[in-house]
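Here's the structure, in structure tokens; my notes come after.
Sequence lines set the chain letters: A, B, ... in the order given, protein chains first and strands last, and positions in each chain run from 1.
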Amino acid sequence: MSTVRDWAAPNPVTENRSGLIGKPVDRYEGRLKVTGTAPYAYEVETPAPPLFGHIVSSTLARGRIASVDISAAEAAPGVVRVWTHLNVPAQAARGTRLNPRSQRASNPALESDRVEHYGQSVAFVLADTPENARAAGGLVRITYEAESADLDFLSSLDQAGPAPGEEDARIGDFEAGYTASEVTVDATWFSPLQNHAQMEPCATTAWWEGDKVVVHTSIQMVKGGQHALAETLGVPSDRVRLFTRYIGGGFGGKGQSYDDLTLAALGARETGRPVRVAYTRQQMFQATIHRPAVQMRVRLGADRSGRLNAMALEAVTHCARNAPFVEHAANFARNLYAAPNRLTGHRLVRLDIPHAGAMRAPGEAPGMLSLECAMDELAETLGLDPIELRIRNEPEVDPDNAKPFSVRQLVRCMQEGAQQFGWERRNPVPGAVREGRWYVGMGMATAIRGNFLLPAKAGLRLTGDGVATLTQGMTDIGTGTYTILAQITGETLGLTLDQVRVELGDSDMPPAPGSGGQFGAATAGSAAYETGMVMRRRLAELAAGDPRSPLYGEDPTLMDFANGNIVLGNRSESLAALAARAGPEGVYVEGGISPAADARDWSQHTYGAQFAEVGVDSVTGEVRLRRMFGVFAAGRILNAKLAKSQITGGMIWGVGAALTESNPVDPRYGSFLHQDLGGYLAPVHADIVNLDAVLLDEADDKANPMGIKGVGELGICGAGAAIANAVYNACGVRLRDYPLTPDKVLAALEAKGL
Amino acid sequence: MLTTIRVNGVDHDVDVDPRTSLLDLLREGLDLKGTKKGCDHGQCGACTVLVNGVRINACLSLAVMHDGDAVVTVEGLASGELLHPVQQAFLTEDAFQCGYCTPGQICSAVGLLAEVAAGQPSEATADLDGPVTLTDAEIRERMSGNICRCSAYPQILAAVRRAAGAAA
């Protein structure tokens with residue numbers, strides 16, 4: 001096992017002699033996407049004309065299916081199969097793991113008469129056209145026996161229990177420290193249930209080749225999907241070939257498979273025809289996961305100089321009754337500010353609603369909406385600038401575990417951000433700046449998000465045409481994986497980008513963990529780098545051992561790679577010639593990365609500072625973003641253009657969280673109030689004005705051999721809090737109930753007599 | 001029902017189910033899957049196509065209503081290997097991530113530029129009688145029917161600006 005010291009030595013990526021690392025090149029698969037020729041899961045060509053599946057969803061929150069009548073649906077035009085729990089083909093019982101190494105257990109569809117949430121699959125129709133399938137779905141008659149259901153989070157808070165397997169994190173004596181503090185803040189924030197609303201609904205195309213099923217599905221984790229389906233079908237995983245080459249947005253919501261995968265595979269097996277199944281937009285809201293609501297109580301105790309003496313963040317969140325998930329909204333607070341007395345923890349309420357799960361920056365995204373506003377409140381109480389307050393509480397070492405930081409540029413992010421944003425123009429008196437009917441204000445918040453490296457592998461083939469093809473069971477959910485892997489491979493081997501190909505999203509390829517948790521680029525990229533280094537050694541040995549090579553007999557460890565050649569002194573040979581001599585298949589190697597043995601001896605995070613300027617309409621209560629700017633530090637940046645897209649995309653998610661996104665549970669049915677994009681308000685073009693971000697120069701040599709970190713989730717962290725703080729600065733009302741919609745703002749303004 | 005529809009310059013005589021949307025005819029009937037289904041309710045814009053030069057949501061329109069119409073989809077914009085200026089601008093400005101809303105955004109931007117050139121005002125237009133100036137506010141307003149959950153909005157704005165410059 002390597003150590004971080006092994007990673008610190010210069011290498012082709014950190015030396016970056018061709019300049020491919022960091023270069024803002026266009027997206028590798030961009031041409032396919034702008035011409036509409038990138039095939040998403042539902043769109044792949046099938047070996048024969050497909051059948052179309054339609055899933056029928058429950059209209060009950062909890063109970064059992066009392067009766068089923070599929071006769072009308074079966075008699076409808078074009079219908080080939082109608083399944084309910086009474087006649088669906090056999091599947092492994094839920095939770096079965098025939099292979100103990102499977103990453104996911106069996107996940108059967110239509111498994112029983114039990115209904116555990118609104119929107120659960122209760123029937124499935126296969127027909128010759130999408131229209132016939134959907135029409136027949138409407139003819140399936142199901143009656144239910146309802147049982148009492150717990151549906152409302154806020155009225156169930158008294159049922160909150162400990163998060164499974166977790167204890168509160170306590171350092172020092174919070175209660176004593178808080179009580180003894182000269183200045184305190186004690187307030188409670190609420191972040192509502194939110195939906196991923198990826199533009200591509202979950203979908204699968206499936207067909208069988210003998211006893212093996214081929215599935216194209218929209219999923220962030222290749223192995224997880226393959227294993228879940230294999231376990232559900234009760235077959236070894238090598239009987240499932242899963243492809244996921246283009247994914248129309250994931251954000252955590254496609255980290256697992258859903259019934260479209262299972263039912264497409266079963267349908268194709270039972271009919272001998274290819275099958276396409278997609279969820280409708282309406283079904284997506286309740287058939288897939290969501291970010292749960294979180295209630296957060298923050299208590300801060302400080303002395304008059306602004307030094308924190310005590311800090312607590314206690315979060316209560318929800319999950320589905322039989323699908324445990326904890327939104328770790330308090331975890332980030334453990335590593336952010338110094339305070340000797342600390343308390344953080346989570347409580348869980350179990351409800352009879354759809355499954356809660358991971359959504360972009362799980363934990364930080366809602367969590368920072370509380371603490372970063374509490375810090376703003378404390379700063380005002382103390383008469384301190386919010387940035388100065390944070391600088392006074394900047395820790396020397398990680399306050400949770402006393403580990404040194406690998407690199408932490410949080411203060412620099414705040415200072416550079418303040419300068420570029422024009423923070424000095426902020427009037428600290430709330431409500432002091434007025435432009436006509438608009439109150440105008442500025443706010444800031446910090447951003448922190450963990451950095452992770454997981455084990456991953458990759459394959460690399462160099463062929464006689466001089467092209468290197470990287471293969472990896474990895475995904476690109478729009479994050480730029482294809483592009484950065486090409487850049488890393490090109491830089492490692494001294495090739496240009498048109499000499500590099502990248503193929504992803506195939507379960508037969510060397511495995512990588514997929515896209516999630518901001519670990520994708522570092523994990524998949526490090527595996528690509530290590531595989532490139534294996535290729536370099538192999539090629540050098542080939543050259544040294546081959547009398548036909550000009551480098552024959554030389555020391556392979558001294559050979560270098562540049563401009564498509566392997567080089568030693570004034571002698572060189574093209575990689576194309578080397579590969580051509582190796583045979584028609586060229587040269588193939590595999591490599592991989594594992595976390596360093598001592599990687600967790602350092603506290604590793606990405607950081608940022610968010611700044612926002614808003615206008616608050618004094619007449620309607622509407623909050624309009626006027627400007628937003630962020631400065632971030634996230635290790636070495638592989639592609640300046642794509643990294644910035646990731647970061648600004650995250651910031652815009654923060655705008656949605658602060659101002660528009662919320663999906664209440666209907667207490668009558670257990671459904672979500674909003675089941676479409678007209679009701680669930682993700683930001684649109686007109687909401688986003690003058691928004692920009694900067695990434696600082698950085699390299700984190702404790703993170704991985706390339707010194708890179710993740711950027712996919714950092715941008716959302718703290719973004720909404722900066723907006724909420726700007727709203728306060730604009731009009732002087734503290735709203736702690738997200739999103740800050742006009743009705744709430746207006747009521748608060750009126751309560752203040754404004 | 002027998003319908004004749006011209007798509008990307010090619011005439012198709014098709015026998016369509018009267019329930020079939022223009023979107024499903026394109027995707028399933030004509031195998032033009034570049035036009036995306038994001039919501040099927042006219043709320044996301046991923047299915048935006050140009051019908052007789054005007055952008056519409058293909059999911060909100062039945063195929064049989066388009067007898068005799070000329071439809072252009074994202075597959076019909078490029079000239080061989082040469083990308084349409086809007087496509088090239090999206091690539092250059094990184095105006096997309098996952099790419100699923102992109103064909104709709106691009107068709108919408110093509111339609112937008114034609115509307116502005118024709119002097120059609122929008123909610124963001126100050127003077128309803130004069131020529132329309134392509135301000136950032138105009139672009140944002142006119143593109144707001146196309147949701148990008150990856151949130152490439154700043155880059156899409158830049159791409160539309162770049163394409164407008166290339167067209168001018």
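- We find the CD-OH distance between B:Glu28 and A:Tyr42 to be 4.5 Å, quoted to the nearest 0.5 Å.
- Under a 3.5 Å cut-off, the side chain of B:Tyr100 and the backbone N or O of A:Lys33 do not form any donor-acceptor pair.
- Of all the listed residues (A:Val25, A:Val689, A:Thr37), the one sharing the greatest number of non-hydrogen pairs under 4.5 Å with chain B is A:Val689.
- The heavy-atom pair separating B:Ser144 from A:Ala686 by the smallest distance is OG-N, 2.9 Å.
- Of all heavy-atom pairs spanning B:Gly38 and A:Pro201, the tightest one is O-CG, 3.6 Å.
- Ranked by heavy-atom pairs shorter than 4.5 Å toward chain A, the options B:Leu77, B:Thr92, B:Asp136 are led by B:Thr92.
- In this structure, the portion of A:Pro130 lying under 4.5 Å from any heavy atom of chain B is its side chain and not its backbone.
- Of the two parts of A:Arg276, only the side chain, counted from C-beta on, holds a non-hydrogen atom closer than 4.5 Å to a non-hydrogen atom of chain B.
- Counting heavy-atom pairs closer than 4.5 Å to chain B, the top-ranked of the candidates A:Met651, A:Gln198, A:Gln646 is A:Gln646.
- Without hydrogens or angle criteria, B:Gln87 side chain to A:Val34 main chain gives a donor-acceptor distance under 3.5 Å.
- A pairwise comparison of heavy atoms in B:Asp94 and A:Arg27 identifies OD1-NE, 2.7 Å as the closest pair.
- For B:Gln97 (side chain) and A:Thr479 (main-chain N/O), no donor-acceptor pair under 3.5 Å exists by modelled atom type.
- The contact between A:Thr35 and chain B is made by backbone and side chain atoms together, counting heavy-atom distances below 4.5 Å.
- The residue among B:Gln105, B:His84, B:His41 with the most heavy atom pairs within less than 4.5 Å of chain A is B:His41.
- Contact of A:Leu642 with chain B is made through backbone and side chain together, with heavy-atom distances under 4.5 Å.
- Annotation: B:Gln120, atom CD; neighbour count of heavy atoms from other residues, nucleotides and ligands within 6.0 Å is above 12.
- Contact annotation for A:Asp692: neither backbone nor side-chain heavy atoms come within less than 4.5 Å of a heavy atom of chain B.
- With chain B as the partner, the residue from A:Glu29, A:Arg134, A:Glu200 showing the most heavy-atom pairs under 4.5 Å is A:Glu200.
- When A:Gly249, A:Pro683, A:Ala38 are compared by the number of non-hydrogen pairs under 4.5 Å with chain B, A:Pro683 comes out ahead.
- Ranked by non-hydrogen atom pairs under 4.5 Å with chain B, the options A:Gly248, A:Pro50, A:Ala135 are led by A:Gly248.
- If you take SG on B:Cys150 and CD1 on A:Ile652, they are separated by 10.5 Å, rounding to the nearest 0.5 Å.
- Chosen from B:Thr73, B:Asp40, B:Thr20, the residue pairing most often with chain A at heavy-atom distances under 4.5 Å is B:Thr20.
- B:Arg142 places none of its side-chain heavy atoms less than 4.5 Å from the side chain of A:His685.
- If you tally non-hydrogen atom pairs under 4.5 Å between each of B:Asp31, B:Ile156, B:Leu157 and chain A, the highest count goes to B:Ile156.
- Without hydrogens or angle criteria, B:Lys33 side chain to A:Tyr40 main chain gives no donor-acceptor distance under 3.5 Å.
- Looking at every heavy atom in both residues, A:Leu677 comes nearest to B:Cys44 through CD1-CB, 3.7 Å.
- Considering only heavy atoms from C-beta on, B:Ser151 stays 4.5 Å or farther from A:Val655 through its side chain.
- For B:Glu123, no part lies near chain A; criterion is any non-hydrogen pair under 4.5 Å.
- Under a 3.5 Å cut-off, the side chain of B:Arg140 and the backbone N or O of A:Ile688 do form a donor-acceptor pair.
- Nearest approach of A:Ala682 to B:Arg149, heavy atoms of both residues: CB-NH1, 3.4 Å.
- Using a 4.5 Å heavy-atom cutoff, the side chains of A:Met199 and B:Ile147 are in contact.
- For the residue pair A:Ser645 and B:Gln155, a side-chain donor N or O sits within less than 3.5 Å of a side-chain acceptor on the partner.
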(request) Take B:Gln43 and A:Arg281, measure what side-chain contact (heavy atoms from CB on, under 4.5 Å) needs, and give me the verdict at the end. (result) CA-CA 10 Å; B:Gln43 295 170 332; A:Arg281 172 56 59 188; 5.5 Å; no

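- Across A:Gly36 and B:Val74, no two heavy atoms sit closer than the pair CA-CG1, 3.8 Å.
- Using a 4.5 Å cut-off between heavy atoms, A:Gln282 touches chain B through its side chain atoms alone.
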(request) Apply the test salt bridge (Lys or Arg N to Asp or Glu O under 4.0 Å) to residues B:Glu93 and A:Lys641: give CA-CA distance (whole Å), side-chain angles for both, the deciding distance (0.1 Å), then the verdict. (result) CA-CA 8 Å; B:Glu93 297 289 351; A:Lys641 181 155 67 175; over 6 Å; no

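- When each of A:Phe251, A:Tyr246, A:Phe52 is scored by its heavy-atom pairs under 4.5 Å with chain B, the top score falls to A:Phe251.
- Put simply, SG on B:Cys98 and CD1 on A:Ile247 are 9.5 Å apart, with the number rounded to the nearest 0.5 Å.
- Proximity to chain B (any heavy atom under 4.5 Å) is shown, for A:Tyr279, by neither the backbone nor the side chain.
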